Amino acid sequence: MHGHYQLIGGGCSCGVNHASGVYKGALSIQAGGEAQQPATFPGSETIQSLVFVEKGKLEWRERPRPQIVGPEQAVVRPIASSTCDLDHLILAGRTPFSGPFAICHECVAEVMEIGEDVKTVAVGDIVTVPYHMNCGTCDRCIRGLTASCRRYPQHPHYGLPLTGDWGGLMDDLVHVPFADGMLLKLPDGVDPIAAASVSDNTSLGWETTAQHLAECPGGRVLVLGGTNSIGLYVVDFAQALGAGEVFYCDSSDRRLAIAEKLGVKTVRGMPDKTLGTFDITIDASVDPRGLRKAIKMLEPEGFCESVGIYFQDVPFPMLAMYWQGVRFRIGRGNPRLAAPYVLEAIAQKKVQTELVHSGVYAFADAVDAYVATEKPVFYREPLGKAA
Ligand SMILES: [Zn+2]
Ligand SMILES: [Zn+2]
């Protein structure tokens, strides 16, 4: 489905370093890399990391300081971090993930150190960091499947206990194995707070709508909300990308009010047939009934996307889908693919990501605010370019 957005071509504006990059081993020790020295925490061998301990409980713990051990790597310092909707399910004990592990996988960061071969970012740059590891040069990265980078078949992830311990994006410092492949500098004028979720949730808004609206300009869009932010980002991007009527369905007063501010029609609870049929439906409800509605309210051969995660199998109305014709996608987002388009939309004020946030907090307040609010952003000032 990503054919329209291939990253092929050395002159591409996406920022992925297509032209160079013989793989030198993300995790192997590279001697002689002349890393630029960090501007902060000189001499400290440990950093502070925000750790999910158990249901409802976070705490700051020490972890080893990330080091550059290869010429394509970077170390970054998160300055504007936010919560993925998944984090709130983790905190509520509604996922298979058990603590302790470093949490958080959405941030804008300041580049603190780079390896000698890094070309697209410099120390002091303010960058978006994808939740996933990716090299930027393999065939899958070049196709835009950045979350499925061939270098990382086991899908390592910041802020989740999957493969390896990469830390979380609230940590003091974070290791980036492929700086050119992963990081993208924010355009001038983009507020780091507005871009905090480009790492994941905001980018899903673009990724679930852009290609379908390109194929179906002015299409009617139905969004079934339910998680803290994703459905609202979808609404925002659907409008920005030229959708016709957009309906947002949810049972949350807070999210319905935001959808109204975004200028779309809202429905409390589940939609019914009186709304008609839709060219594009996005299920962000994490509720099998919402998914079923999203499928059954489609136009013939319409597009249905499911975002959010179902941790159990969910029955599908296969016979109805057969008669109707359904193009269905589910899967992890590819924020490094989406980032250039999403940041451009933010820079041009075509989307209003700040409306989705539930508040801006200091990093020091994270233990409480991360749990207590729906879509917090944690901010601290960048330290400025190293001398
Ligand atoms: Zn996520
Ligand atoms: Zn790759």
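Just so you know, ligand 1 is whichever comes first in the structure, and atom 1 is the first atom listed for that ligand. This structure is a prediction, so every number in the text was calculated from the model and none was measured.
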Undergrad: Check D172 with R380, please: is the shortest side-chain N to carboxylate O separation under 4.0 Å?
TA: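 A salt bridge is present here (some side-chain N lies under 4.0 Å from a carboxylate O).
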
Undergrad: Between R255 and D250 (salt bridge meaning N to carboxylate O under 4.0 Å), is one present in this structure?
TA: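 So R255 pairs with D250 through a salt bridge.
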
Undergrad: Within less than 2.8 Å of the Zn ion (ligand 2), how many protein N/O/S atoms are there?
TA: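 Count of protein N, O, S atoms less than 2.8 Å from the Zn ion (ligand 2): 4.
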
Undergrad: How far apart are the C-alpha atoms of L298 and V326, what are their side-chain angles, what is the distance that settles it, and do they pass the side chain to side chain contact (heavy atoms under 4.5 Å, CB included) test?
TA: CA-CA 8 Å; L298 275 178; V326 173; 3.8 Å; yes

Undergrad: So which residues get pulled into V53's cluster when ILVMFWY side chains under 4.5 Å apart are joined, directly or through others?
TA: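 Same cluster as V53: V51.
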
Undergrad: Going by distance alone, is a donor N or O of one side chain under 3.5 Å from an acceptor N or O of the other, for Q352 and D236?
TA: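 Result is no, nothing qualifies.
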
Undergrad: W166 vs Y158 aromatic rings, parallel, tilted or perpendicular, using cut-offs 30° and 60°?
TA: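 W166 and Y158: perpendicular rings.
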
Undergrad: Report the C-alpha distance between H212 and F303 in whole Å, list the side-chain angles of each, state the deciding distance to 0.1 Å, and finish with yes or no for ring-ring contact (aromatic ring centres under 6.0 Å, His included).
TA: CA-CA 7 Å; H212 305 323; F303 298 101; 4.1 Å; yes

Undergrad: What residues form a salt bridge (charged side-chain N to carboxylate O under 4.0 Å, His left out) with E354, not counting sequence neighbours?
TA: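 Checked E354 against salt bridge (charged side-chain N to carboxylate O under 4.0 Å, His left out); zero matches.
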
Undergrad: Quick check for you: within a radius under 2.8 Å, how many protein N, O or S atoms neighbour the Zn ion (ligand 1)?
TA: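 The number of such protein atoms is 3.
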
Undergrad: Give a yes or no on whether a salt bridge exists between E45 and R65, defined as a side-chain N under 4.0 angstrom from a carboxylate O.
TA: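 Looking at E45 and R65, the cut-off is not met.
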
